Amino acid sequence: MSALLIAAVLAGCDGARPADTRQTLEQRRADLQAAVADNPKAIDERVELARVALRLGDGVAAAASVQAAIGAGGDESALRALLARAYALQGDGTRALETLDAGPIAPQAMGEAAWVAGNVHLDNGDLGAARDAFDRAVRELPRESALWVDVARFRDANADTLGARDAVDYAIELDKDNSAALAYKANLIRTEQGLNASIEWYDAALAADPDNADALIEQAATLGDLGRYRDMLGALRRAAAIAPGNPRIYYLQAVLAARAGNYRLARSLLQRTRGLMDGVPAFMLLSAIVELELGGEAVAATWADRLLAEQPNNMTARRVLAVADWAGGDADGAAEALIPVVDRDDADSWSLLLAGRVAAELGRRGEAADYLARAASLSRGDAAPFAVDNDYGFLSMAAEAEPLNPAKMIPAIAADIAAGQSGRAIERATELRDANRGVADAHILLGDAAMAGGQFEVAVRSYRAARDLDAGERTTLRLAHALFRAGDTAGSSAAILALRDSQPSSIAADRLAGHLAMDLEHWDQAIAHFERVRRRIGNRDVVVLRELSKAWAAKGDGRRATALIALAYRLQPLNAEIMRLYADRLADAGDIQSAADLRDKARQIGR
């Protein structure tokens, strides 16, 4: 094989590559196409043309160029990995693996062959095979920056946050202008430190390659979560110019339209994805909500059912399904959808109210009264971290046989707690954590076991370790709760406010920060927090409406306070506390008779 062909085959492997713009690449493609048009023996140019097509995301053209190079006399064993990469880019992983297995692979192409196989196995969810392939690829191409980005992706899929962080940092060390590495670093920072901290990394990725459509799309999603919708739309427009027809662009545009209340536009945008995102949970949920808002209860229920088949514990999907079934006249279906929600001690008042109305419609008056009474308490219990329905002895033996297998250990830990063996649960969780210190879920598991056993200090340490890897809601809210139970109210408040700062889109953080502000009588801050919640969820949370009414009353704005408590009263007309607060607002406004009537009604409810 010629020296030029070897160089072409290895181009982009084992080292940094120049940061070409899309325009530069398109010009190079045109030049190479002209060069091969009248030269059937131009093997090297055809191989380079395939590489350029790959970088432009054109797997079909890349495959055609590789096949043309082979047809012109190129070494098939040296080009087999490149052809497999082209098939993989087309989404045909099976054909890519078949190509790799179809014959010998030249020594200089072994690294890329393993790399392609690793990506295909990763996309197929075969993490064991992916690990073996990436290990081989790294041995062959230890200084290939782009490979280390895919290694980071693999480690992230294994929940190995520390490993993913190390891999992407090494990719950037090898090539500081690797836009894909910088964008993936941004994704990790978004999880580790929050939305705001990730923006500068997306900016760096786009500075290295302004045509990185994936980075633009991820940045747009982050800007949307930050509430920067104008900037989000600008990023999506730039991405659409680079990658027209990308389904994620249509999806994110639909998110924007739905947030603006334009559900017809949202539906149109969702339909333009042409089914390519139908299996994505967020897409299914948005589709269900949009159809429900447009009166398509049956279609909304279908989307919610599909999502629950994959995520049976998705409580938002259950609420959407319940509303869709109820609006469509299927009260039995609505009741069934709500059972996993309302059976929880921490069920929200809106779900309990709906369950009460559904039960009443089905003639279950005692059940309806119980749901309404729980909703009227305006307080939520703690969520149980574990539940188990299996045989304790069997689960324990299975965990002892495979002590590092989460699939066996987690049910055994749940069984330990159910059996009152919290010490044993903590021992098992500690063993699993020690083997997976770079995995946030391992620290969370230990924290949950410690909380169930009342060992709050252990839980705090575990949740802190988890938050160092993942600063999102699931870790920070657990940490805040553990700190509160451990007696550190200041620390608990600080954790909540840190979540609010790092994840401005967090409804839970705003809700809790609002209650903190109310306790400190910081009325303006409380109003800001609760209004953000109300804008996201609407006027369906009685507690949010009550707190807003109290805050506006404390600021001396009786008109707003009365309007808000009136909304709460319409949601729960038999709630004695809401009646008394409404009566106070009416009395302040001079409507003495209506205030007296409400207070009398509240007294009767109390009796």
Side-chain angles (χ1 to χ4, degrees), residues 183 186-203 215-236 248-249 251-263 266 280-290 293 307 311 314-317 319-320 348 350 440 466-467 469-480 493-517 525-541 543-544 547-548:
N187 293 349
L188 295 176
I189 289 291
R190 184 172 60 191
T191 299
E192 177 190 347
Q193 298 178 24
L195 301 171
N196 282 310
S198 70
I199 293 296
E200 64 179 276
W201 286 96
Y202 288 121
D203 288 341
L216 277 168
I217 292 169
E218 292 293 345
Q219 184 186 56
T222 305
L223 290 167
D225 287 340
L226 285 167
R228 294 169 54 181
Y229 301 129
R230 187 181 300 274
D231 293 335
M232 177 188 182
L233 184 58
L236 288 175
R248 283 202 67 204
I249 296 173
Y251 162 71
L252 289 172
Q253 289 173 334
V255 170
L256 269 177
R259 286 175 176 171
N262 191 341
Y263 295 104
V280 177
F283 182 91
M284 288 188 263
L285 182 59
L286 180 61
S287 297
I289 293 170
V290 166
E293 290 288 346
L307 178 53
Q311 298 181 349
N314 188 318
M315 298 305 165
T316 302
R319 295 183 188 100
V320 171
D348 61 286
W350 185 88
R467 193 179 63 166
L469 300 170
D470 179 350
E473 276 190 10
R474 66 192 188 120
T475 53
T476 307
L477 294 180
R478 280 175 163 91
L479 175 60
S493 300
I496 292 167
L497 294 175
L499 176 62
R500 175 67 192 90
D501 291 340
S502 67
Q503 305 283 354
S505 61
S506 170
I507 293 175
D510 258 327
R511 192 191 299 272
L512 292 169
H515 287 300
L516 290 173
Q525 292 179 21
I527 289 169
H529 289 303
F530 285 123
E531 277 295 345
R532 275 193 291 268
V533 175
R534 190 160 77 108
R535 282 197 297 271
R536 293 289 297 277
I537 69 173
N539 294 317
R540 63 179 179 83
D541 191 306
V543 173
V544 169
E547 296 302 278
L548 279 169

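Quick caveat: nothing in here was measured; it's all calculated off a predicted structure.
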remark   = For residues 281-290, the salt bridge (Lys or Arg N to Asp or Glu O under 4.0 Å) pairs (sequence neighbours left out) are none

key: Charged N-O contact under 4.0 Å between D541 and R511   = yes

ask   = Taking NZ, NE, NH1 and NH2 as the nitrogens, is one of them in R536 or D225 under 4.0 Å from a carboxylate oxygen of the other?
value = no

To the nearest 0.5 Å, how far apart are [atom1] in [X] and [atom2] in [Y]?
X	Y	atom1	atom2	result
T475	L469	OG1	CG	9.0 Å
R540	W350	CZ	CH2	6.0 Å
L195	Q503	CG	CD	4.0 Å
S505	E473	OG	CD	7.5 Å
L516	Q525	CG	CD	10.0 Å
L307	N314	CG	CG	4.5 Å

Nearest heavy-atom neighbours spanning [X] and [Y]:
X	Y	value
Y202	A183	CE2-O, 3.9 Å
F530	V544	O-CG1, 3.7 Å
A288	V320	CB-CG1, 3.8 Å
G472	D470	N-OD1, 2.9 Å
A471	S502	O-OG, 4.2 Å
A480	A495	CB-CB, 4.1 Å

query = Run the side chain to side chain contact (heavy atoms under 4.5 Å, CB included) check on H515 and V543 step by step: do they pass?
reply = CA-CA 10 Å; H515 287 300; V543 173; 3.7 Å; yes

key: side chain to side chain contact (heavy atoms under 4.5 Å, CB included) between I527 and L548, intermediate numbers included   = CA-CA 6 Å; I527 289 169; L548 279 169; 4.2 Å; yes

List, one per line, each side-chain donor-acceptor pair under 3.5 Å for residues 216-224, sequence neighbours excluded.
{"unit_1": "E218", "atom_1": "OE1", "unit_2": "R190", "atom_2": "NH1", "d": "3.4"}
{"unit_1": "E218", "atom_1": "OE1", "unit_2": "R190", "atom_2": "NH2", "d": "3.2"}
{"unit_1": "E218", "atom_1": "OE2", "unit_2": "R248", "atom_2": "NH1", "d": "2.8"}
{"unit_1": "Q219", "atom_1": "NE2", "unit_2": "D203", "atom_2": "OD1", "d": "2.9"}
{"unit_1": "T222", "atom_1": "OG1", "unit_2": "R190", "atom_2": "NH1", "d": "2.8"}
{"unit_1": "T222", "atom_1": "OG1", "unit_2": "E218", "atom_2": "O", "d": "2.9"}

inquiry  = Test side chain to side chain contact (heavy atoms under 4.5 Å, CB included) on M284 and Q311; report intermediate values, then the result.
reply    = CA-CA 11 Å; M284 288 188 263; Q311 298 181 349; over 6 Å; no

task = Report the residues that fulfil side-chain hydrogen bond (donor to acceptor under 3.5 Å, both in side chains) with S287, sequence neighbours left out, ordered by chain and then residue number.
result = none

key: Audit row: I289, L285, side chain to side chain contact (heavy atoms under 4.5 Å, CB included) steps and yes/no   = CA-CA 6 Å; I289 293 170; L285 182 59; 4.1 Å; yes

message = Could you tell me if the side chain of L477 sits less than 4.5 Å from the side chain of L512, heavy atoms only?
response = yes

key: Contact check, side chains of D231 and L226, non-hydrogen atoms, under 4.5 Å   = no

